[in-house]
Amino acid sequence: MINITFPDQSVRQFENGITAMEIAKSISEGLARNVLSAKFNGLVIDSFKPIDSDGTLQLLTWNDPEGKATFWHSSAHLMAEAIESLYPGTKFGIGPDIENGFYYDIDLGEKSITLEDLTKIEQKMLELASQNQSFVRSEISKEEALKTFTQKGDEYKLELIDGLEDGKISFYHCGAFTDLCRGPHLPNTGHIKAIKLLSIAGAYWRGDEKRKQLTRIYGITFPKKKELDEYLVLLEEAKKRDHRKIGRELELFTFSQRVGQGLPLWLPKGAQLRERLENYLKRVQKDAGYESVITPHIGSKELYVTSGHYAKYGQDSFRPITTPYEGEEFLLKPMNCPHHCEIYKFKPHSYKELPIRLAEFGTVYRYEQSGELHGLTRVRGFTQDDAHIFCRPDQVKDEFKGVIKIVLQIFRALEFKNFITQISIRDPKNPEKYIGSEENWQRAEQSIIEVAQETGLDYIIEEGEAAFYGPKMDFMVRDAIGRKWQLGTIQVDYNLPERFELEYIGDDNQKHRPVMIHRAPFGSMERFVAVLIEHTAGKFPLWLTPEQVRILPISEKYHEYAEKVLTELKNYEIRATIDYRSEKAGRKIRDAEIQRVPYMLVVGEKEEESLTLSVRKQSEGDKGVMSIEEFAKSIDEEVRQAMVQ
RNA sequence: GCUUUUGUAGCUCAGGGGUAGAGCACUUCCUUGGUAAGGAAGAGGUCACGAGUUCAAAUCUCGUCAAAAGCUCCA
């Protein structure tokens, strides 16, 4: 007999060799129907795998992330089975589950596959799924595994097997399809009820751009048709929120071939929005003791040799600009920190002056591969809401906390309610990727983790994601439809102060090295605005939106009254316009709604006589009649609310 | 950068070896209206750019530029 501990800490005894599925059945048939796989002593296993020792067991269903992973991984096998039956001779690479669904990389040889073929594969998958095929695991020797795929002529699988240890190789069989796989899998394909193959793309074998490009098919599956439909609606919604589309519709920004790839042009309304964001942050930073500085867009190559960036990124940067006669070399600045270091060095500093916080909305230029450019989220010229804090080692944690406070304040003002922080530390396996002493790295990583714990933030730790000069904390928000975006960043840096030989005089009258904190709460203005557009679907918070109010006169007769209203609203610093077109009210409302104007004021005979307004709120409808003053005050109040710390 | 796909009016798109089409937007006129599209007329395009094939190219071929999806990359 073995003792099984359940998540609620209860313990029950079972026969040795019992499976998770049998345990589930002993609890309830309903549960057993929903079990996809199980977690035994922290390891996800097949629900049909015999258990032969004591341990803790969690039954996994669609509601568990690992349950979904099992579901999608098995779906990838099902797809491979369908592809093999439709396109015999196809070679298979890897087919894992991903955050939303799964993919399989395949090599079709001479054949190619089109979007229309996906429907065919979907049909086949549904047909195979409905046959309730069981997944069967078999453990085999390396030799046997190699033999199987040599016969099949599948060099990809052979390469994978080559990297595996003998004795730990398993195959999974599902219908006529056999695949090299660690598992775990669903008990059978019958769980898969709804299937959608989403896209076809090229993907390098093993992610290596020097190797062959395989065809990758992405798909997603669900246990219920309804869930698939909901997912497809979500995809549609994401398309509607695309910042590139909304940016054009709302006239926020554009690109021009003649100006160049990845170089955004901010249109008047977009510039207004961005300026408002900048002014907001400037005010917050001023209150937090930051000082503004301004530096040029280029810097001597020597500056970046000193900082170490040239050695690291020089090859993948825009080529240096040279002076015509002397041949001096300058780089478009890819970051602001070296300039700020030189500002720090302008004069000697006493420990009493620290921390010094230098802030600049600094525009930087980075060469990005053309295939990487994407709307405003990935560009070649962008403006960071950058600042560098120079402080004593004993001030690092407090300063770090101060930055976190600013980031959280911004998230509140912009209604990002869901976020987590990611702490990025070194990859212990690749120490050569980083510069600086072991001791400094340890101190920096330690401080960040302590700060996260002390401030009670939700955080995850990612190894190998640190910048080459120091560890960092990034803020990842979830937008209104659940997508994750990386925004602000805070980085601790002991290295640049050394490279630039930054110093301060301590209370012991000796020279000491300050610590630098790099931070950008928005990240970049371009990226932040893009995320804000997708988060709000273009319906910006009232304090931020370019046009807060549109006055809609019922007819020309009321233009004069509309102008009087406009003047009054301007006295309250409300941003309003008048729709003078000779269109009907319905038409003016429709257009204002589409352009996401938060408030519409319908003015006609009634309003003029009683000196009032008919207020309509965007996407909510008629809000009734108000006096001008009443309305202005309510707007003022709404804006003020958002600004409350 | 790589693979695939795409580029026709401001936007969304149809068409396609014999020199251009729709809807919306725009302009003018009519209409003066009450909570998501009033009516009419008009203007607007070297069919991304450059070469080639052809009697003839927006259409076919090649190259360049740009965009989309994915891969690789991201100080």
Report task. Start with the C-alpha distance between E159(A) and W205(A), add both sets of side-chain angles, then the distance that settles side chain to side chain donor-acceptor pair (under 3.5 Å), and finish with yes or no. Result -> CA-CA 11 Å; E159(A) 187 178 325; W205(A) 171 233; 3.1 Å; yes
Using the [atom1] atoms only, state how far [M] lies from [N], rounded to an integer number of Å.
| N | M | atom1 | value |
| --- | --- | --- | --- |
| U46(B) | G10(B) | P | 9 Å |
| G17(B) | C55(B) | C1' | 11 Å |
| A69(B) | A41(B) | P | 41 Å |
| C47(B) | A58(B) | P | 6 Å |
| G63(B) | A20(B) | P | 29 Å |

Between [atom2] of [N] and [atom1] of [X], the distance in whole Å:
| X | N | atom1 | atom2 | value |
| --- | --- | --- | --- | --- |
| K240(A) | U12(B) | NZ | C1' | 16 Å |
| I217(A) | A69(B) | CD1 | C1' | 14 Å |
| D242(A) | A68(B) | CG | P | 9 Å |
| I246(A) | C11(B) | CD1 | P | 17 Å |
| Q257(A) | A67(B) | CD | C1' | 8 Å |
| F468(A) | C73(B) | CZ | P | 17 Å |
| L373(A) | C65(B) | CG | P | 14 Å |
| F500(A) | A75(B) | CZ | C1' | 13 Å |

Query raised in the report: Below 4.0 angstrom, N of the basic side chain to O of the carboxylate: do E593(A) and R616(A) qualify?
Result: yes
Requested in this report: Taking only Lys NZ, Arg NE, NH1 and NH2, and the carboxylate oxygens of Asp or Glu, determine whether K564(A) and E560(A) approach each other closer than 4.0 Å.
Outcome: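 No salt bridge links K564(A) with E560(A).
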Pairs under 3.5 Å (N/O, protein and nucleotides 2-4 of chain B):
{"residue": "C2(B)", "atom": "O2'", "partner": "Y204(A)", "partner atom": "OH", "Å": "3.3"}
{"residue": "C2(B)", "atom": "N1", "partner": "Y204(A)", "partner atom": "OH", "Å": "3.4"}
{"residue": "C2(B)", "atom": "O2", "partner": "Y204(A)", "partner atom": "OH", "Å": "2.6"}
{"residue": "U3(B)", "atom": "O4'", "partner": "Q213(A)", "partner atom": "OE1", "Å": "2.3"}

Query - base_contact_polar (C74(B) base, R378(A) side chain, donor-acceptor, <3.5 Å) - result: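 Such a pair exists between side chain and base.
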Report task. Please collect all ring-ring contact (aromatic ring centres under 6.0 Å, His included) contacts where either partner lies in residues 576-600 of chain A, sequence neighbours excluded, each pair once. Result -> H559(A)-Y580(A), Y599(A)-F631(A)
Should [X] be listed as having a side-chain N or O under 4.0 Å from OP1 or OP2 of [N]?
| X | N | answer |
| --- | --- | --- |
| Y218(A) | C71(B) | yes |
| R244(A) | A68(B) | yes |
| H374(A) | A69(B) | yes |
| Q261(A) | A66(B) | yes |

Report task. Work out which heavy atom in G93(A) is nearest to a heavy atom in L160(A); give both atom names and the distance. Result ->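 Taking G93(A) first and L160(A) second, the nearest heavy atoms are O-CD1, 4.0 Å.
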Query raised in the report: Which one is paired to G7(B), where only Watson-Crick or G-U wobble pairs with both distances under 3.5 angstrom count?
Result: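 Across all strands, the one nucleotide that pairs with G7(B) is C65(B).
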Report task. If G70(B) has a Watson-Crick or G-U wobble mate with both distances under 3.5 Å, name it; if not, just say none. Result -> C2(B)
Query raised in the report: Do any N or O atoms from the side chain of E526(A) and from the backbone of L376(A) form a donor-acceptor pair under 3.5 angstrom?
Result: no
Query raised in the report: Looking only at atom types and distance, does a side-chain atom of W72(A) sit under 3.5 Å from a main-chain N or O of I220(A), one as donor and one as acceptor?
Result: no
Query - Nucleotide nearest R248(A) when distance is taken to its side chain, options G7(B), C71(B), C11(B) - result: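 Of all the options, the side chain of R248(A) is nearest to C11(B).
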Report summary line: With the side chain defined as heavy atoms from C-beta on, A203(A) is closest, among C71(B), C73(B), A75(B), to C71(B)
Enumerate all atom pairs, one protein N or O and one N or O from nucleotides 34-45 of chain B, separated by less than 3.5 Å.
{"residue": "G34(B)", "atom": "O6", "partner": "E605(A)", "partner atom": "N", "Å": "2.8"}
{"residue": "G34(B)", "atom": "O6", "partner": "K606(A)", "partner atom": "N", "Å": "3.2"}
{"residue": "G34(B)", "atom": "N1", "partner": "E607(A)", "partner atom": "OE1", "Å": "2.8"}
{"residue": "G34(B)", "atom": "N1", "partner": "E607(A)", "partner atom": "OE2", "Å": "3.2"}
{"residue": "G34(B)", "atom": "N2", "partner": "E607(A)", "partner atom": "OE1", "Å": "3.4"}
{"residue": "G34(B)", "atom": "N2", "partner": "E607(A)", "partner atom": "OE2", "Å": "2.4"}
{"residue": "G34(B)", "atom": "N2", "partner": "S614(A)", "partner atom": "OG", "Å": "3.1"}
{"residue": "U35(B)", "atom": "O2'", "partner": "R616(A)", "partner atom": "NH1", "Å": "3.2"}
{"residue": "U35(B)", "atom": "O2", "partner": "R616(A)", "partner atom": "NH1", "Å": "3.2"}
{"residue": "U35(B)", "atom": "O4", "partner": "S614(A)", "partner atom": "OG", "Å": "3.2"}
{"residue": "A36(B)", "atom": "N7", "partner": "R616(A)", "partner atom": "NH2", "Å": "3.2"}
{"residue": "A36(B)", "atom": "N6", "partner": "E593(A)", "partner atom": "OE1", "Å": "3.0"}
{"residue": "A37(B)", "atom": "N7", "partner": "R590(A)", "partner atom": "NH1", "Å": "3.4"}
{"residue": "A37(B)", "atom": "N6", "partner": "R590(A)", "partner atom": "NH2", "Å": "2.9"}
{"residue": "A37(B)", "atom": "N1", "partner": "R590(A)", "partner atom": "NH2", "Å": "2.9"}
{"residue": "G38(B)", "atom": "OP1", "partner": "E583(A)", "partner atom": "OE1", "Å": "3.4"}
{"residue": "G38(B)", "atom": "OP1", "partner": "R587(A)", "partner atom": "NH1", "Å": "3.0"}
{"residue": "G38(B)", "atom": "N7", "partner": "E583(A)", "partner atom": "OE1", "Å": "3.3"}

Query raised in the report: Starting at the 5' end of RNA chain B and moving along, which residue's nearest nucleotide shows up first, F255(A) or R366(A)?
Result: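 It is F255(A) whose nearest nucleotide is closer to the 5' end.
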Query raised in the report: Around atom NZ of K312(A), are there more than 12 heavy atoms of other residues, nucleotides or ligands at under 6.0 Å?
Result: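 More than 12 within 6.0 Å, yes.
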Report summary line: The residue among H340(A), E360(A), E342(A), H339(A) that forms side chain to side chain donor-acceptor pair (under 3.5 Å) with T295(A) is E360(A)
